[in-house]
Student: 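This structure is in C-alpha cells; I'll ask about it shortly.
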Amino acid sequence: MEARGADAGGKVTITEIARQAGVSVPTVSRVVNGRSDVSPQTRARVEDLLRRHGYRRRAASPGTRAALLDLVFNDLDSPWAVQIIRGVEEVAHAAGVGTVVSAIHGRSGDAREWMRNLRARASDGVILVTSALEPTLLEELRVLGVPLVVVDPAGSPALDAPTIGAANWSGGMAATEHLLSLGHRRIGLIAGPPRLLCSRARLDGYRAALEGAGIALDPCLVVPGDFRPESGFAACETLLGLPEPPTAVFAASDQMALGAIEALRRRGLRVPQDMSVVGFDDLPEVRWSAPPLTTVRQPLADMGKLAVRTVLRLARDEQPDSPRVELGTDLVVRASTAPPPTAG
C-alpha cells in the first residue's frame, strides 16, 4: 500500500501518517487493518489522513492463501541462489502462487524501491534470503500485515518472523573432522563474510573440530572470503604463501573451493595429492569438477520449499510449528580429499 502527499505527490510512509496523526505506528496499523481497539476520535483522525494522502490498503488475499509472494535476495549472481529459487518455485507453482524475485544488493535505495513496488502489487508474503532490511522497512512490512519468513538470516535482527537455515555449525565440524580423520593437522579455512550468521557458524564448527582433536587454532590459517570463486582463489594464494602452508583447505562455499582448486592448479599443485579441498553447499556442478569435490551438502532447495510452506501458513493466519528451523547438512565425500603427502 502506498500514500501520496496532496501537495508534492511524494510517497508517505505509515510512520509519517502516525507522526501527522500524533499517534504510534501500531495505532495506525490497527486502523489500517480494521481493528476495533482504537477510539472513535483517533480512528477518524487517522482515516482522514489516509484519505487525504490517497493511502491504498493492501488487497486481501483471495480465499485463504496468498496469490503472490516476494522472494528477495541480496544478490542473484550465484548458483546458490538458483537452488533456493528452484525450491521456492516448485512449491509455489503447486499452490497456484506467483513469485516475484528481486535483488536489493545491500543498498538502502534498492530496498526502498523494492518496498514501493511491493506496496503497489499488494504482495501477500515475503521470503527474505541472506539479506537485511532497514528497521523502518521491517516495521512497514509488519504494519502492512505482510507475512515474512527469513532464510539464512544475515545477522541477528530482532525479527518477529520465522527463520529457516541449515546446520552450519555441524557442517563445518563434519568437514574439518573428515580432514582430521585423513591425518591432516594443518587445515586452512577460507571463511565466509563475518557479518553472516552462517559464516560464523561454519567457523565455529571448524574451531570446535580442531579443539576436539587437541589442535590450537592458528589465526594465520583462517582467511576471509565472500563466497565467490575469486575470493577463494585469492585466499588460497594467501595460504600457499605462508612459511608453512596447510595440507588441506576447508572452503566455506563450493564456489570458493573451486577458486582454491584453480589457484592450486596454476601453481602446478594437484588435488588431493598435494592438498585436499572441501567445500560447502553441494552445488550441482561440483560433482563434475576436476576432481569431483568433497563437500557439505546444504539442503538449499528444501530450505526454499519450507520457506514457501511457512509463509503460506502465515498468510492463512496459522502459526509455524517452530519459529526457528535448521535443516540437516551431510558430508559428501568425493575425490578432492586424501591423506596428506607426508602421511605414512
Side-chain angles (χ1 to χ4, degrees), residues 58 61-106 110-111 113-115 117-133 137-138 141 144-154 157 159 161-168 196-198 227 253-255 280-285 297-330:
R58 188 170 63 94
S61 303
T64 58
R65 58 173 175 76
L68 184 67
L69 300 178
D70 269 71
L71 176 59
V72 185
F73 292 86
N74 189 47
D75 291 296
L76 287 170
D77 59 348
S78 166
W80 178 92
V82 173
Q83 296 305 307
I84 295 281
I85 293 171
R86 280 185 53 245
V88 167
E89 279 293 309
E90 180 178 327
V91 175
H93 178 75
V97 176
T99 307
V100 178
V101 180
S102 305
I104 58 176
H105 306 291
D110 288 349
E113 178 65 23
W114 163 75
M115 178 63 81
N117 292 334
L118 178 140
R119 289 195 296 265
R121 62 177 165 261
S123 182
D124 289 295
V126 172
I127 299 171
L128 189 66
V129 185
T130 318
S131 303
L133 291 179
L137 297 182
L138 290 171
L141 278 180
L144 290 170
V146 179
L148 172 66
V149 174
V150 181
V151 176
D152 248 356
L159 285 175
T163 61
I164 297 168
N168 291 291
L196 298 180
L197 284 177
C198 62
F227 288 153
S253 80
D254 283 350
Q255 289 195 295
F280 199 110
D281 286 329
D282 195 28
L283 299 174
E285 58 266 33
R297 177 178 293 146
Q298 184 174 200
L300 297 170
D302 289 340
M303 290 159 65
K305 293 175 184 178
L306 181 57
V308 176
R309 295 188 186 108
T310 302
V311 82
L312 290 177
R313 291 190 65 175
L314 293 173
R316 296 191 297 265
D317 291 326
E318 300 173 6
Q319 290 303 307
D321 295 330
S322 172
R324 171 63 180 167
V325 176
E326 280 195 355
L327 301 183
T329 53
D330 299 293

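Values in this document were obtained by computation on a predicted structure and should not be read as measured data. Position 1 is the first residue of the sequence, and the numbers go up from there.
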Student: May I ask you to decide if A166's main-chain N or O and N168's side chain share a donor-acceptor pair within less than 3.5 Å?
Tutor: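 A pair under 3.5 Å: yes.
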Student: Going through the checks in order, is the salt bridge (Lys or Arg N to Asp or Glu O under 4.0 Å) test met by D321 and R313?
Tutor: CA-CA 10 Å; D321 295 330; R313 291 190 65 175; 3.3 Å; yes
Student: Assess the side chains of W80 and D254: does a donor N or O sit below 3.5 Å from an acceptor N or O?
Tutor: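 No.
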Student: For a 4.5 angstrom cut-off between non-hydrogen side-chain atoms, does Q255 reach F227?
Tutor: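 Answer no - side chains too far apart.
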Student: Will you find, in the side chains of H105 and N74, an N or O donor that is under 3.5 Å from an N or O acceptor?
Tutor: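 The criterion, which ignores hydrogens and geometry beyond distance, is not satisfied for N74 and H105.
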Student: So which heavy atom on E326 is nearest to which on A167, and how close?
Tutor: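 Scanning both residues, the minimum pair turns out to be OE1-CA, 3.9 Å.
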Student: Under a 4.5 Å cut-off applied to non-hydrogen side-chain atoms, are V100 and L69 in contact?
Tutor: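 Result no, sub-4.5 Å side-chain heavy-atom pair not found.
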Student: So, taking the atom named CG in L306 and the one named CG in D302, what distance separates them when rounded to the nearest 0.5 Å?
Tutor: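 Here the rounded value is 8.5 Å.
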Student: Between V72 and V126, does a side chain to side chain contact (heavy atoms under 4.5 Å, CB included) hold up when you go through it step by step?
Tutor: CA-CA 7 Å; V72 185; V126 172; 4.3 Å; yes
Student: Would you give the length of the straight line joining atom CG of L314 to atom CG of L148, rounded to the nearest 0.5 angstrom?
Tutor: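 Taking CG in L314 and CG in L148, the distance rounds to 8.5 Å.
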Student: Got a sec: does the CZ of R324 have more than 12 other heavy atoms crowding it under 6.0 Å?
Tutor: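 Yes.
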Student: Compare all side-chain heavy atoms of Q298 with those of Q83 and state whether any distance is below 4.5 angstrom.
Tutor: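 No, side chains not in contact.
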Student: Quick one, L312 and V308 - any side-chain contact, counting heavy atoms below 4.5 Å?
Tutor: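 Yes; the side chains approach each other to less than 4.5 Å.
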Student: Measure the CG-CZ distance between D124 and R316 for me, rounded to the nearest 0.5 Å.
Tutor: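 D124 atom CG to R316 atom CZ measures 12.5 Å (nearest 0.5 Å).
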Student: When rounded to the nearest 0.5 angstrom, what is the spacing between CG in D152 and CG in L196?
Tutor: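 Between atom CG of D152 and atom CG of L196 there are 8.0 Å.
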Student: With a 3.5 Å distance limit and no angle check, can you tell me whether D281 reaches the backbone of S253 through a side-chain donor-acceptor pair?
Tutor: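 Not at all, since once roles are kept as given, no pair shorter than 3.5 Å links the two residues.
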Student: Kindly indicate whether the side chain of V146, heavy atoms from C-beta on, has any atom under 4.5 Å from the side chain of D70.
Tutor: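 They are not in side-chain contact.
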Student: Between V150 and I164, is the side chain to side chain contact (heavy atoms under 4.5 Å, CB included) condition met? List the steps.
Tutor: CA-CA 6 Å; V150 181; I164 297 168; over 6 Å; no
Student: Identify the two heavy atoms, one from K305 and one from G87, that lie closest to each other, and give their separation to 0.1 Å.
Tutor: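 Where K305 meets G87 most closely, the heavy atoms are CG-O, 3.3 Å.
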Student: Under the side chain to side chain contact (heavy atoms under 4.5 Å, CB included) test against F73, which residue among L128, I85, V151 passes?
Tutor: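 When side chain to side chain contact (heavy atoms under 4.5 Å, CB included) is applied between F73 and each of L128, I85, V151, only I85 qualifies.
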Student: Would you compute the distance between atom CG of L68 and atom OG1 of T99 and round it to the nearest 0.5 angstrom?
Tutor: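 Spacing of CG (L68) from OG1 (T99) equals 7.5 Å.
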Student: Is a side-chain N or O of T329 found less than 3.5 angstrom from the main chain of R297, in a donor-acceptor match?
Tutor: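 Such a contact is absent between T329 side chain and R297 backbone.
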Student: Identify the heavy atoms of G125 and S123 that sit nearest to each other, and give their distance.
Tutor: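 Scanning both residues completely, I find the closest heavy atoms to be O-OG, 3.1 Å.
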Student: Enter the distance from S102:OG to L71:CG here, rounded to the nearest 0.5 Å.
Tutor: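 Rounded to the nearest 0.5 Å, the OG-CG separation comes to 8.0 Å.
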